[in-house]
Participant: 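A single structure is presented below for examination.
We name chains A, B, ... by the order of the sequence lines, and we start the count at 1 in each one. All figures in this text were calculated on a predicted structure; none of them were measured in a lab.
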Number of protein chains: 2
Amino acid sequence: MEPVRRQQLIEATLQSVAELGLQATTINSISKKAGMSSGIISHYFGGKQGLIEATVRYLLSSLQRSLLHKTAQGCSPEQRLMFIVEANFAVVQQQSDTTRTWLSFWAHSMHDAQLHRLQRVNARRLYSNLLYSFKQLMAQGEAREAAELSAAMIDGLWLRAVLSKADDAQFDSAQDLAKRYIQSLIQQFGV
Amino acid sequence: MEPVRRQQLIEATLQSVAELGLQATTINSISKKAGMSSGIISHYFGGKQGLIEATVRYLLSSLQRSLLHKTAQGCSPEQRLMFIVEANFAVVQQQSDTTRTWLSFWAHSMHDAQLHRLQRVNARRLYSNLLYSFKQLMAQGEAREAAELSAAMIDGLWLRAVLSKADDAQFDSAQDLAKRYIQSLIQQFGV
DNA sequence: TTTTATTAATTGACCGTTCAATAAAAATAA
DNA sequence: TTATTTTTATTGAACGGTCAATTAATAAAA
């Protein structure tokens with residue numbers, strides 16, 4: 001029963017944060033959405049904080065899993081870079097907007113040590129995923145700069161799309177810009 | 001007395017949000033920092049919400065004012081673009097980090113209509129400030145794309161620096177990357 | 001005195017957590 | 001099989017604390 005309930009509560013949390021924001025998300029708003037009692041949260045997660053943290057961990061591993069799945073049967077470095085962009089933008093894919101949920105969590109990470117650790121993992125992972133492929137296309141020094149710039153461009157396009165409450169078409173357009181930017185980096189620095 | 005008190009309360013709000021986050025900022029934490037009673041907030045701002053909104057407005061106008069000041073006695077399009085970057089990164093300037101304060105506000109804007117309007121103003125202003133200078137250096141179509149990409153790059157570098165709790169040196173390094181990126185855009189698209 | 005500025009105590013709503021009670025399921029004994 | 005006990009899963013009311021907002025009282029200035 002435990003793994004089922006944990007998953008249900010995590011999904012209810014995602015829904016509640018997407019809808020109300022982290023600020024207005026309470027154990028009541030979550031448990032009501034999950035169709036359970038409020039006490040169950042403390043029972044399975046030790047408290048609200050534990051559930052929030054588990055939810056972020058779930059998002060993180062989803063992102064990672066989606067990238068691994070796309071690159072499972074090998075691909076070229078260029079293609080892998082495009083997959084990284086897709087994975088990072090496709091956080092939207094699932095029902096409702098998980099995007100604003102990420103933003104809530106990252107903003108909160110500035111004042112929460114545990115969440116900040118998770119944020120750091122996420123930022124470094126994007127960078128090293130990019131670096132790995134760039135290194136196969138250019139010298140190490142250029143690859144590092146390309147990875148840093150690409151990471152910033154992806155996050156920046158994503159952030160501006162989220163904040164302006166962009167629709168799917170606008171998200172796709174931002175994703176295209178990110179891809180074209182990476183291709184221009186390859187052309188500029190590639191051997 | 002009113003304008004003095006309003007300014008004091010706005011600055012106390014900035015301090016409190018930078019220190020505790022928007023989530024944990026209460027009318028008590030603000031009024032204590034300002035050395036006043038909690039009731040004064042309702043008196044001058046109608047309530048907590050009004051004070052938060054006034055604080056964001058103050059940040060927005062500070063940003064705009066700082067750019068206007070730098071470009072007061074005319075400058076070349078390239079130089080103006082560099083000034084835009086500086087203005088957007090120098091939100092740090094004042095004591096303590098105002099940066100995480102911005103992040104708190106923008107995250108909250110996803111669930112607050114009034115704040116969302118202010119965010120939209122800010123995003124568009126950065127874009128059109130950039131566009132104005134790019135148009136003097138390249139064709140309109142290229143200028144539009146350059147402005148969009150630059151805005152995303154600035155925001156992305158800024159976001160990653162804030163989230164990783166970068167120190168002043170790392171912030172400067174991010175700022176340099178942004179400037180160099182804009183220069184590369186000019187070289188690429190410039191007539 | 002009248003007006004303005006400010007305080008500090010109070011109010012009612014809501015927060016997260018705890019916990020005794022209960023329902024359902026599983027195990028054991030008859 | 002049936003009856004009984006034990007374990008597991010879940011509830012929801014109660015508690016202590018904190019929030020934003022209000023308000024009557026007070027101090028200072030005009």
Participant: What is the separation between atom CD1 on A:Ile30 and atom C1' on C:dC15, rounded to the nearest whole Å?
Facilitator: 13 Å
Participant: Side-chain contact test, heavy atoms from C-beta onward, threshold under 4.5 Å: evaluate it for A:Val162 versus A:Phe171 and give yes or no.
Facilitator: yes
Participant: Is there a Watson-Crick or G-U wobble partner for D:dA28 with both distances under 3.5 Å, and which nucleotide is it?
Facilitator: C:dT3
Participant: Taking CZ from B:Arg6 and C1' from C:dA5, how many angstroms apart are they, rounded to a whole number?
Facilitator: 15 Å
Participant: Figure out the CG/C1' separation between A:Leu51 and C:dG16, and round it to whole Å.
Facilitator: 13 Å
Participant: For A:Phe189, I'd like to know if atom CZ has over 12 heavy atoms of other residues, nucleotides or ligands within 6.0 Å.
Facilitator: yes
Participant: A:Met36 vs A:His43, test: side-chain contact (heavy atoms from CB on, under 4.5 Å). Steps then yes/no.
Facilitator: CA-CA 12 Å; A:Met36 298 177 222; A:His43 182 252; over 6 Å; no
Participant: Could you tell me how far apart A:Phe45 (CZ) and C:dT18 (C1') are, to the nearest whole angstrom?
Facilitator: 18 Å
Participant: In whole Å, I'd like the distance from the CZ atom of A:Arg5 to the P atom of D:dT11.
Facilitator: 8 Å
Participant: Which is it for A:Glu86 and A:Lys179 under the salt bridge (Lys or Arg N to Asp or Glu O under 4.0 Å) test, yes or no, and what are the steps along the way?
Facilitator: CA-CA 9 Å; A:Glu86 282 171 21; A:Lys179 286 184 177 180; 2.7 Å; yes
Participant: Summarise protein proximity over nucleotides 13-30 of chain D in one line of letters, 5' to 3': B for base, S for sugar-phosphate only, - for none, counting protein heavy atoms closer than 4.0 Å.
Facilitator: ------SBBB--------
Participant: Take atom OH of B:Tyr127 as the centre, draw a 6.0 Å sphere, and report whether it contains more than 12 heavy atoms from other residues, nucleotides or ligands.
Facilitator: yes
Participant: Tell me: CD1 of A:Ile40 to P of D:dT11, nearest whole Å?
Facilitator: 5 Å
Participant: Identify whether any heavy atom of B:Tyr44 sits under 4.0 Å from a base atom; if not, whether one sits that close to sugar-phosphate; answer base, sugar-phosphate or nothing.
Facilitator: sugar-phosphate
Participant: Below 4.5 Å, heavy atoms only, C-beta onward: do A:Leu63 and A:Trp102 meet side chain to side chain?
Facilitator: yes
Participant: Rounding to a whole Å, what distance do you find between A:Lys32:NZ and C:dC15:C1'?
Facilitator: 15 Å
Participant: In whole Å, I'd like the distance from the NE2 atom of A:His43 to the C1' atom of C:dG16.
Facilitator: 17 Å
